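Notes for the one structure printed next.
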Protein chains: 2
Amino acid sequence: MTQRATRQLTAVYDVLRTSCDHPTAEQVFRRVRDTLPRVSLGTVYRNLDKLREQGRLRVVRLASGEAHYDAMVEAHDHFVCERCHAVHDLDRAPTPPAARRLRDDGCVVHWHTTALYGLCGGCAAEPGGGRPRARAGQAG
Amino acid sequence: MTQRATRQLTAVYDVLRTSCDHPTAEQVFRRVRDTLPRVSLGTVYRNLDKLREQGRLRVVRLASGEAHYDAMVEAHDHFVCERCHAVHDLDRAPTPPAARRLRDDGCVVHWHTTALYGLCGGCAAEPGGGRPRARAGQAG
DNA sequence: TTTTTTGCAAACCATTTGCAATTAG
DNA sequence: CTAATTGCAAATGGTTTGCAAAAAA
């Protein structure tokens, strides 16, 4: 046999399909536990990876480093608030001109992704609102 | 006093300025060790972070999860080979239309970055060359 | 001399993995 | 039945941190 439809796999996928906030594995774990209190974090990771292999979700790496999970719908980009760390979906940016140049040079371009960083409406409006609030880095 | 010009800080920055392959902290560490054999990995991390705070380098998060470091020059994008994991610099893609929409909604957009994934010329030409060779994910 | 920085080692945290027990097919 | 999957716990790997010794200013 192959791929079995376990309660855990279904629950992980359900959490993802009904989440619009790009949860981390830990967050998925907590939500799955509402339904299956005995589920383990390892199982959540294994199932997330299974879903990724099947192309049913996308792993999003943001500036902070931890993986965020996104039920695969259409290809799209992201806007990350550097203050509250919320992640918003954006329409996909057009294929950058560099892609054509790469192809001309014999490269194969499978996909591309863009991330925008800044302050969301709420945070931009906030009193002390102008600069990040925690965390590290930059992403590429 | 503030910021001291130590040999270690200088060496870390020199490695970065003369590297064009977006090394990880571990790789920077190995290269710095050629000059300062007693340097520690912790010191490399501390100095990388110091340089980042000063805006003298950028941290690039690729699909794999580890941080890659890039001496800050012009804003630019990246092409990552999914087979050999080489990272190439690209001219910066134009600001995506979504940025304007976000600004109209009261968001502040500080910066954006695009990453392209695929196969570099060498790997695309290779015999078994068509699909990844290791690693996980996706980046955003 | 005073304060920052280092080297080292232990701590951390996200993620992965080995294994015996469980469960879907 | 029997192969895939789970829960648990231990292992991993990248990164951070506490502290006494070393080195800038």
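Each chain gets a letter, A, B and so on, in the order its sequence line appears, and its residues count up from 1. Values in this document were obtained by computation on a predicted structure and should not be read as measured data.
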Rounded to whole angstrom units, what separation is found between the [atom1] atom of [X] and the [atom2] atom of [N]?
{"X": "B:F29", "N": "D:dT16", "atom1": "CZ", "atom2": "P", "answer": "15 Å"}
{"X": "B:R61", "N": "C:dT15", "atom1": "CZ", "atom2": "C1'", "answer": "14 Å"}
{"X": "A:E66", "N": "D:dT16", "atom1": "CD", "atom2": "P", "answer": "12 Å"}
{"X": "A:R4", "N": "C:dT23", "atom1": "CZ", "atom2": "P", "answer": "12 Å"}
{"X": "B:E53", "N": "C:dT5", "atom1": "CD", "atom2": "C1'", "answer": "14 Å"}
{"X": "B:L51", "N": "C:dT5", "atom1": "CG", "atom2": "C1'", "answer": "14 Å"}
{"X": "A:Q8", "N": "D:dC8", "atom1": "CD", "atom2": "C1'", "answer": "14 Å"}
{"X": "B:H68", "N": "D:dG14", "atom1": "NE2", "atom2": "C1'", "answer": "12 Å"}

Checklist entry - Can a donor-acceptor pair be found between the side chains of B:D70 and B:H76 at a distance below 3.5 Å? => result yes
Checklist entry - Is it the case that B:E66 and B:S64 place a side-chain donor and acceptor less than 3.5 Å from each other? => result yes
Checklist entry - Would you say A:R7 has more than 12 foreign heavy atoms packed within less than 6.0 Å of its CZ? => result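 No, the 6.0 Å shell around CZ holds no more than 12 heavy atoms from other groups.
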Does [X] place a side-chain N or O at less than 4.0 Å from the phosphate oxygens OP1/OP2 of [N]?
{"X": "A:T6", "N": "C:dT23", "value": "no"}
{"X": "A:K50", "N": "D:dT5", "value": "yes"}
{"X": "A:R7", "N": "D:dT5", "value": "no"}
{"X": "B:T43", "N": "C:dG7", "value": "yes"}
{"X": "A:Q3", "N": "D:dT5", "value": "yes"}

Next on the checklist: Can you work out whether B:R46 or B:Y69 has the more 5'-proximal nearest nucleotide on DNA chain D?
Outcome noted: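 Its nucleotide being nearer the 5' end, the pick is B:Y69.
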Item to check | Qualifying salt bridge (Lys or Arg N to Asp or Glu O under 4.0 Å) pairs with a residue from residues 8-18 of chain A, counting only residues at least two apart or across chains | outcome: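 Of all non-adjacent pairs touching residues 8-18 of chain A, those that pass salt bridge (Lys or Arg N to Asp or Glu O under 4.0 Å) are A:D14-A:R17.
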Checklist entry - Under the salt bridge (charged side-chain N to carboxylate O under 4.0 Å, His left out) criterion, do A:D105 and A:R101 qualify, and how do the steps go? => result CA-CA 6 Å; A:D105 289 347; A:R101 253 169 273 141; over 6 Å; no
Any non-hydrogen side-chain atom of [X] less than 4.5 Å from a side-chain atom of [Y]?
{"X": "B:F29", "Y": "B:P23", "answer": "no"}
{"X": "A:D91", "Y": "A:D77", "answer": "no"}
{"X": "A:V60", "Y": "A:V87", "answer": "no"}
{"X": "B:P94", "Y": "A:P94", "answer": "no"}

Next on the checklist: Ring centroids only, cut at 6.0 angstrom: are B:H22 and B:H78 within range, meaning strictly under it?
Outcome noted: yes
Checklist entry - Out of C:dA14, D:dT6, D:dA25, which has the shortest distance to the side chain of A:Y45? => result C:dA14
Next on the checklist: What's the angle between the local helix axes at either end of the helix from C:dT1-D:dA25 to C:dG25-D:dC1, using five pairs per end and rounding to 10 degrees?
Outcome noted: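 Answer rounded to 10°: the end axes differ by 30°.
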Next on the checklist: Below 4.0 angstrom, which residues in residues 31-42 of chain A have at least one non-hydrogen atom near DNA chain D?
Outcome noted: A:R38, A:V39, A:S40
